[in-house]
Structures are given as C-alpha cells and as structure tokens.
Amino acid sequence: MFLQFIINGLITGMLYTLASLGYALVYNTTRIFHLALAVLYVVAAYIFWHVTVVCGFPMFAGIFASVCFTALLSLAIDRLVYFPLFKLKASLSVVLVSSIGVFTVLTNLVALTWGNEFKAFGSDISRIYSSGNLIVTGKQLFQFIASLVLIITFFLFLNRSKTGLRIKAVRDDSELYQVLGFSLTKMRVTVFLLSGAMISLASCLTAWDIGMDPYVGMPILLNAIVALIIGGAGRFESCVIGGITLGILQALVVWQWSAQWQEAITFVVLIIFLFLRPQGFIGEKSRVV
Amino acid sequence: METILNISNLNLSFISDRQKEESLFLFRDLSLEIEREKITALVGGNGAGKTTLFNVISGLQRGASGKVNFQGSEITRLSPYKIARLGIGRLFQGARVFEELSILDNMVIGAIHHANEIPFYNLLFYRKSMAFEKGLEEKAEAILSELFGSNNIFWEDRIKPAGNLSFGHQRLLAMARLLMGNYSLYLLDEPTAGVHVQFIEQIASAIRHMNSHSHKTVLLIEHNMHFVRQMAEYCLYMENGKIIAKGHPNDVLASDQVQQSYMGI
Amino acid sequence: MDFLYHIIIMIGIYTILALAANIPVGLANLLSLAQAAFYGIGAYLSAFVLLNFNIPLLPGLFVVAITTGFFSLLISLASIRLKGDYFILAALGFQLIVFSVLYNWTDVTKGPYGISGIPPPRLFAFIELTANFQFAILSVSLAALTSFLFYYLVKSPFGRVLKSIRSDELSVSISGRNVYQFKIIAFFLSAGFSASAGFLFAGYVKYIDPTSFTLDESIFILSALFIGGLGNVKGCIVGAAVIVILPELLRFAGLPDNIAANLRQIIYGLALILVMLYFPKGLAGDTMLK
Amino acid sequence: MLKLENIQGGYTPGSLVLQGVDLQVQQGEVIGIIGLNGCGKSTLGKAVLNMLPFRTGKISLKGRDVSHLPVHHLHNFGIGMVMQGGMIFPHMSVWEHLQLVGKSKSEKDLKKRVSEIEEQYGLVIFAPGTALNRKGSFLSGGEKQQLALMMALLDNPEWLILDEVSAGLSPGNVSMVAELIKVLKTEGKLGIILMEQNIKLAVQLSDHLLLLERGVIDKHFVVDKDFDINNLNENIFN
C-alpha cells in the first residue's frame, strides 16, 4: 500500500511541478505574487473541455487550443494590469491586490460562461495496469509520461536555448541584463506567454483525469507556490524538488489520516519552512542587513 | 579623559553564500574607545565596515562576538530599542524621516517615551495624555527654535507632512529629531552626504549644539574631509574592519598611510 | 422593512471588519489575508458562548474578542519573523488552516453542517435581541463604537507609532520603540474587532458554517477596505456600504440570483483593479497601500 | 563624441548625488574620473546609462540626443559598461554568459571571436583549454572581472564605461586590467570613461583626469609629461 501511495504522490507531484514552473517563470523574473495564475489554470481546463467535449475535436487539438488561449490571456493580464502598475512604480503589494482582482473577475466570468457545477471528461474507465498490489491507471501513466517529457523539455529549453539563457539571466540579475542590451519589456512577454502555456498544460493533464469546476485553481496554485518556496524561491529546479516532495507528502497524509487534512498539512509544512528554512531546500541564505 | 563607549575584540564574519567553507571577516579583533563629550570622526574607504560598525553598536547587526560597553554596561546582544533607551541615538544614511507624518509628529516620535503609547490611553486618560503631548510639543519647539531660529520653517509648517520637505530640510529635521531623545551618544552616518551646500553649515551647527550645548558625545562617519577637519577633535581611520590610524584629524589625514589607503595610491 | 434592517446590519458588520483590517493593513502596512480567519474564529467562539453560557451581551462580546485576540499571536509572530511575500503567504496559510480546522474538526465544529440554533444574545440579562430592528440598532451602535475607538486609535500616540512603522520600521526601533510589541498589539486589536463582527453575525444569522469564512471572504473584506480607502474611518464605512448595497442594486435590476452573484463578484474584482490603477487612495481614504 | 551636459541625478528626488556634471569623450580617449568615496563616481556611470530613478540633463552621442533612451537601447548604440565588482550572473556558466551576449552568433563564430579577444587583450581565462562550464559564483574576483570585460568587448562597443574595474583585485589582476586598457587606448577605436579609486592607475591610463567632488567636476587636469601626482594629492585632501 505504501508504494501505491508513493506512486500516486509522485504523479501528483509532477503535475504540481508543472504548475509550479508556470508560477516560477513569472515570480523568479518579476517577483509578482501572481495569484491570477489560479484562474488561468481554470480557464485552460474549460477551453480544453469545451473544444474536446462540446465541439468534439480530438484531445490534442483541445490541448493546443487551450495552451494558445491561456498563453495569450496570461500576456493580456500583464499588458493590461501588471505592466501599467510597473510603469507607475507601484509596490508589489499593490500588484498582488490587483492580481486578486483579476482572479475574482475571471473566475466569475468562467462561472457565468460554463456554470458553477462540476464538469468531467466522459466517464470512460481507462485501462488498468497492475503488478502485484500496485495499480496504475492508463490516465495516470499518460500523466506521468507527459509531465516527465514536459519537465525535461523545459529544462533543456532553459539551459540550451537563447531564450532560456535570457530567462536565467533576468532571474539572476535584471539590472545587468539590461546593461547588456536586452529589454525587460520583451522578456515580460516571453515569461508571461510561457507561464500561461505551462499552467495550461498542468491544468489539461489534471482536469482530463479528475474534471474541474471554476474554483479548482486556487488550491492547485497554492500548492505550486508552496512547492516553489520549500524548494527554494528564485530557482527553477526547486519546483521539481518541492513539487514532488509535496505530492508524496500529501499522499502519505491521505494514507495515514485522511484526504481532508492534506491542505492543512501542506500549509503547516509551508509555515515550518518559512520559519526554519526560508531559503528552501536548495536556496542560498542571503547576506544579513 | 573618560570613555563612553568601549569596544573590545569585536569579530564579525559571515559564511559566504558561494564558497560554503570560506568565511568573510568584516571585523577581526576590532577594539576602540570613544571619549566622552568629544566629536570623533570615523573615516575610511567604501566597504571598510563603518556603517556595519554602527549597526553592531545600535544592535541592528547580529552575530558579532566581542564586547560593546556603553557607560559601563554591556550592550552587546541587546535589542535596538533597548540600546536606544540606554542613550545611543543614531542617524541613518539617507533622509529617513517619516514622510506621511507631520513635522511635529516626527519630532515627537523622536522622544523616547512609551507611557502614553498604549492603545486608547488618550481615551482613558485624556487630560494626562494631552498634557504629556503638550510637554513634548514644547520641547520640540524649543529644539527647533534653538537650532534654526525662532521663526523657522519647520515650526511654521509643523502640521504639514514631512515628506514635502526638500532632502536637505529632511536631513535637518532628522538631526533635530535626534535631539528629542536626550541621548548621551550620537552616531551620525554621513550627515552631509547628498545635502546641498547651503545646509552643511546648519548641519554643522546642529552637531555643535549636540556636543557643546548639551555636552553629548558625537561619533560621525564622514567622507567630506573639510567637514571632518572643521568638526572633529579626534579621528579614527578604518580599513578592512580595522582601525589603522587614530589621533587629531589633521595628523591622521596627513599621514601617508591614510592617504595611500584612501586614494589607493 | 426587514430588508432595510438586513442591509443596515450587514453594513455594520462589514464596517467593523474593514476597520479591523485597517489597523494592520492601513496603519502598519501589513497586508493580512487572514482577516476572515479572525472573523470565523470570533463567530464560532460566539456560537459556543451563546449556546453554552447564559451571559449577557457585553461580557460575552468581551470574552470572545479577547480570546480571538490570542489567536492573532500566530499571525503577529509571522509578521515579526517574515517580510514581504513570505508574510503574505504565511497569513494565507493561516487562513487556509483555520478554514480546514473549522471544516474538518467535526467533533467540535460540526464541520460542513455548521452550527445551528444559536440563541440570540441578551442585553442586561433580560432583553432578548430577537427582532431585526433590535439587531440593526445593535449593529449600528457596535459599528459606531468601533469607529469611535478606531478614530482615537489613529489620532493617539499609539497610532502615530504604527504609522511610522509603516514608513520606516528601523527608524522606529532605533528611537527606542519595541516594534514587535506594536505589531502584536495591532493584530490583537484587529482580531478582537473582527471577532465582534463575528459575534454580531452569529447572533443575527443564528447559523454559521465554515463557508462564510473562506479565503474569498478575506479578499472580500480587503476589497471593502481598498475600495473605501485606507487609514481612516470614512473609507471603511464607504467601502462597507458599497459592497453591501451594490449586489442589492443588481437584484433590483432584475437579474436572476445566480447571475447576480457572479456579476457582483466581477464588479468587486474590477473595482479592485481600477482602484489599484487609478485611485490608489480608494474612494475616501487617507493613504495608499505601500 | 559622447557628451554629457549638466547631468543631475540621484536615487530619491530631493537628494541629488550628481549636481551638474559636464564631460565629453572622443574616440580613442580615456577620461579618468577620480574622487573620494561617496563623491558619486558610480552614480555617474549609472546616470550615463539612464539607470537612475531620477536624472535630468542631456546626453548626446555623435550629436544625437539619447537622453531618454532606456538602458538596453544605449547598449545597442554602442555604450558598454562594466559595473563595480565585475557583475556577472551567479547561476550561469562562463560559456552561457558568452552565448547570451553573443546573441545570434553560431557556436563556431562565437568561439572564434572569443579567442580573438583573448589573444588581443590577454583575458587568460578564455585561453584554449580552460573550462568554460564553471558557474559565475564560483569564479574568483579576477576571473569575474575578466568575464565582465569579455562580455563588454564581445559586442564591439564604441564607448566603454569602466566603473572601478580594479577595485578588490589582486596586483596581478590590476596590471592585467591596466594592460587591457592600454591596448584599447593604442587601438584608438574606443572612448573610455574610467571611474577609478586607484589614482596611480588613473594617472597611468587617462588622457584627462576629472576630480569629482560633491557631485560636480571640481577640477580638470590634463595628464602629460609635466603632470605631478603630488599636486593632485594636495588638491584632494585640502
């Protein structure tokens, strides 16, 4: 049984990693507490659902449409809200409050468009692969493989491509980045598009298995943020470490106690980390004063 | 002469982020004494550790080993607010006035009193609270008119937000605010930095006021050598966390060692 | 008439909640996303007090406010140790943990079923407050009392120290003030005020469940505060009035309830964005979020 | 010509670190800016690149007004800068730094260009056979400075602002930097503004020395055969 929960936790953790990478792309480069990402997660799932279930297109077309739409919406949020505030030299708290505003507006637009009720992707029972006591469903296997491929692709992109190098450079030192002749404004376009795409992929993979309603985004986003913090804010590798740790930890909580406490435990872990090791697993301690 | 502040064997290091083993020393066995009722200047190049030393004295920088003695009692590991209450006042670099508060409130905050800062004290003991506030306002008026003349702009604009003042005026207000605290030792971090020339004489007279009028000790960090010569009776030259020369400012600044170190010749 | 009383009662409750949030957010610049947690703790404790003890209104209110105040120590501890984003996240965590406990600790809180049949509070041991107009009077007087206290708080030397912490914490501590102590008191007062709103709510609705005290509710309280404006009483009253009356106007406009609920939220969200972009001081505030 | 006229600026609106600086650099010329700590040398560097929160005055490049261009544009107009402490990206490898700055160059071209610069100016950390996969934070101070200089030169700038490039370096590295500047000077293609704490070095390298005090250019010296360094000392300390 233990191993079964570890496997389930690992798969959940990898999905958290994807969401966490989406958050980290924005947070690590702009320091925006991007709560509106939660609603992008929801929008992505609904677009996917609409294109596949309502319009009847194949799954990959649905994912493609969802990724494109979410990425553009993410960019639009930056252009219409965050970037004007950045120009006004508003503080990050102000940006956070406006982000909450965006979250509220879009969540309710989704609810108005598609309704408040729960939606699922058909009720077909997927194939089951078992070995001994271990059971893995076909959907889980797909989630595992897809997110593994995506995570590897992301890190290859980050470390090999020019754009990836630029993202790493902005994260390290945005002032030097500009001195070397690169525009931060252009970089914002890149990170918001990519962040939207990442959160959309995380969302499609999850919603396809367990369905969605307009309010699923926030818990997932909070898990993604917690993953980044316990891994170590400022890095991208921390999303993987934090995401998988969190996934497995929650699975173990479900195993030992019950599912209802997993959210509370997540935040207890977060608060322990904030107090005892704010730099996370792999972060560096910053200099005093 | 009697000493007011006595620092012995101060060590401060932090583990560098990058090379995990190597620790960087800011201070290594630093010892110094500050004489009572004198103006002492602390000079030295960037990164010599002057501001960090101030932070250690006023309790903002933790993790130093060694002893800091102030008027005979050890203050090494006390909280900043306790150190202030014992009588060490500090002027930070930059403007550092409370921009949204009125000029008068800025002055009143400078006084160390906490009896009436309990919530609803003014509601429960209205008369007492008002009398107390009145006393502080009178004190503020006295200090401002003594420093800047009887009809100075600070007193005239006392109910306007301090953020409206020019940088030089904000700096002067911060100095005047410091006088509200009745400290026995004033730590001034670059009082003239970034200030327009017209204010420098006023800052100098405020420092003289601290020193001669109320017989208080002043320790100041300064890059303006004219100002050091003009103000200080004693000078400490600091390099890489050590005091490498001390004495009368003219002697210290004339020494080859100091000139070489300061100018990197 | 009952409808009007309802509006008045709700404006009273949200005025108190906005004023409570104004202490840490408006005066000390600590963006607390845990205000609904205090409100919830206050409401549950009130239900407990009203159900189990036969004590009059004012002592009951006092006990609830003080007890809730002690819960705020968890948040003030976080505000002392953590800066910026990390504090915001810790407060968010506290909010979600409180909700989770209210929702899942069924032995004590009855979980999602909530607590029903809360008896009305009694004034001076003999007048039972059952009628809505009585509650409206109670609500208005409590809101007035809170406003009065808040007004004196802002004007007081204590408020002055909080405002200076907002602009420069280090300068306050080297002027001999224990900044931690001030933050602890600020959150204590904020939690106490929120709890009195919880008391009103529990006594008025007579039924409480965890869904009234979610993160959304925290956001809602902050919306009232930001739309009205930070730093004074006026902003809180204006903000509370706007967020309570607005949905009723939508109802008058003839929109079906399910659409009106979402539309209302959309309007708050938009208002929040527009306030941040174009009116950083809100409709009637003194200062802006830093 | 890179020309600054009446540059005022600082970090908060009221407090001006620079209170009206004028200077001009021709191609092939080295202008040394000296002065005591805190006189505004680094701030001046930032002011040229439009990196200060508050700045007024006019900056023109070959007669064209570039005062309001953002920092990344100025780079593309040929102004390179090496900031104090050899600023590099701590989590990126040396090779990644080069790839980043090399923009669209292919790997082969980039390698060729790097080894050209390495031979020309003696930036030894790029000599053939050295490991280029070390992360920025693991480089020594001298290596960081070499990398920063390499990045500045890789884009063929026409103007170079060097902010305290010798600060905190070992004597060996200081002379390496000095050699590099001398080579640049003899080539005569670049106009260099050199903010320098080390006066001896500034005298050695510059054509003109400007003494910055309290945010204004207090004195101007032409460095020629008759120039006496002791005279300079007198001026600064009295």
Report the C-alpha distance between Met51(D) and Val179(A) in whole Å, list the side-chain angles of each, state the deciding distance to 0.1 Å, and finish with yes or no for side-chain contact (heavy atoms from CB on, under 4.5 Å).
CA-CA 9 Å; Met51(D) 286 158 73; Val179(A) 170; 3.6 Å; yes
For the CZ atom on Phe154(A), are there more than 12 heavy atoms of other groups (residues, nucleotides or ligands in this structure) within a distance under 6.0 Å?
yes
Can you tell which part of Leu100(D) gets under 4.5 Å to a heavy atom of chain A, answering side chain, backbone, both or neither?
both
Write down the atom of Ser183(A), the atom of His72(D), and the distance for their closest heavy-atom approach.
CB-NE2, 3.2 Å
Least distance between heavy atoms, His75(D) atom then Leu180(A) atom:
CE1-O, 3.1 Å
Measure the spacing between CG of Asp173(A) and CE of Met83(D) and express it to the nearest 0.5 Å.
6.0 Å
If you tally heavy-atom pairs under 4.5 Å between each of Asn76(D), Val71(D), Val101(D), Ile79(D) and chain A, the highest tally belongs to Val71(D)
Looking only at Arg166(A), Arg171(A), Lys162(A), most heavy-atom pairs under 4.5 Å shared with chain D are made by Lys162(A)
Would you indicate whether Phe64(A), at its atom CZ, is surrounded by more than 12 heavy atoms from other residues, nucleotides or ligands within a distance under 6.0 Å?
no
Checking side-chain contact (heavy atoms from CB on, under 4.5 Å) for the pair Gln99(D)/Arg160(A): CA distance, chi angles, key distance, verdict?
CA-CA 10 Å; Gln99(D) 279 183 308; Arg160(A) 297 288 161 82; over 6 Å; no
Of all heavy-atom pairs between His91(D) and Asp172(A), which one has the smallest distance, and what is that distance?
N-OD2, 2.7 Å
